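Quick caveat, the model's predicted, so the values are computed rather than measured. Sequence positions, counted from 1, serve as the residue numbers for this chain.
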Amino acid sequence: MSALVNNPPAIDDPTTALEAAPHGEDHRGDPGLQLDPGRYLLCGSEAFALTADVTHVGRGMIADVRLDDHTVSARHAIVVVRADRLRILDDRSTNGTVVNGRRIDEAELHDGDVVVLGRVVLTYRDVR
């Protein structure tokens with residue numbers, strides 16, 4: 001099942017995502033958004049549940065979470081569950097994957113982490 005985000009919130013410099021909105025503005029999701037327990041990627045007012053062991057994120061048709069932005073690669077990142085921990089892996093994207101202001105090849109995700117794919121800003125939420 002694929003979910004599409006049209007015109008996702010974007011920034012000019014992925015390394016400044018944390019400074020761009022440090023107090024929970026747009027990139028951290030709608031503050032009124034009610035989420036059931038689970039793991040999510042938030043993009044503006046959209047919440048995408050991460051229920052599978054492997055979730056593909058990108059602009060292409062095979063992506064489970066599709067981001068309609070030209071700076072996002074067709075196959076940009078992969079989110080995987082390993083030993084009940086969530087990890088994000090860059091899928092050889094053109095513009096890179098940034099977590100909390102640092103470009104990564106692979107990183108563990110924690111509640112509130114800011115993930116930037118190209119110019120698109122997402123937030124990881126672990127709701128208990």
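His76 places a side-chain N or O within 3.5 Å of a backbone atom of Gly96 that can act as its donor or acceptor partner. The backbone N or O of Ala77 lies less than 3.5 Å from no partner atom in the side chain of Asp90, so there is not a single donor-acceptor pair. Thr123 places no side-chain N or O within 3.5 Å of a backbone atom of Leu42 that could act as its donor or acceptor partner.
The two residues Leu33 and Ser45 come nearest to each other via the heavy atoms CD1-O, 4.0 Å. Nearest heavy-atom pair across Asp126 and Asp111 is N-OD1, 2.8 Å. Across every non-hydrogen atom of Ser73 and Thr94, the tightest pair is OG-N, 3.0 Å.
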*Show the numbers, then the answer: is there a side chain to side chain contact (heavy atoms under 4.5 Å, CB included) between Thr97 and Arg103?*
CA-CA 6 Å; Thr97 299; Arg103 189 169 179 154; over 6 Å; no

*Hey, mind stepping through Arg39 and Asp84 against salt bridge (Lys or Arg N to Asp or Glu O under 4.0 Å) and telling me if it holds?*
CA-CA 11 Å; Arg39 296 170 169 161; Asp84 201 37; 3.5 Å; yes

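Ionic pairing of Asp91 and Arg59 is not present here: no N-O contact between side-chain nitrogen and carboxylate oxygen is shorter than 4.0 angstrom. Ion pairing of Asp68 with Arg66 is absent here, as no side-chain N (NZ or NE/NH1/NH2) approaches a carboxylate O to less than 4.0 Å.
Residues Arg92 and Arg75 meet the side-chain proximity criterion, which asks for heavy atoms closer than 4.5 Å. With a 4.5 Å cut-off on side-chain heavy atoms, Ile88 and Asp113 do not count as touching.
With sequence neighbours left out, the salt bridge (charged side-chain N to carboxylate O under 4.0 Å, His left out) criterion links Asp36 to no other residue.
Leu89 and Phe48 fall into different hydrophobic clusters, where Ile, Leu, Val, Met, Phe, Trp and Tyr side chains are chained together by heavy-atom contacts under 4.5 Å. Hydrophobic clustering (side-chain heavy atoms under 4.5 Å, transitive across Ile, Leu, Val, Met, Phe, Trp, Tyr) keeps Ile78 apart from Val115. Val80 and Leu41 fall into different hydrophobic clusters, where Ile, Leu, Val, Met, Phe, Trp and Tyr are joined by side-chain heavy atoms under 4.5 Å apart, directly or via other members. Clustering ILVMFWY residues whenever any of their side-chain heavy atoms sit less than 4.5 angstrom apart, transitively, puts Val54 in a cluster other than the one holding Leu50.
Here Tyr40 contributes atom OH and Leu35 contributes atom CG; the two are 5.0 Å apart, rounded to the nearest 0.5 Å. Note: Arg85 CZ to His110 NE2 = 7.5 Å, rounded to the nearest 0.5 Å. Atoms CG and OG1, on Asp69 and Thr71 in that order, are 3.5 Å from each other to the nearest 0.5 Å. Between atom NE2 of residue His70 and atom CG of residue Asn95 there is a gap of 8.0 Å, rounded to the nearest 0.5 Å.
Crowding of Arg87 atom CZ: a count of heavy atoms from other residues, nucleotides or ligands under 6.0 Å exceeding 12.
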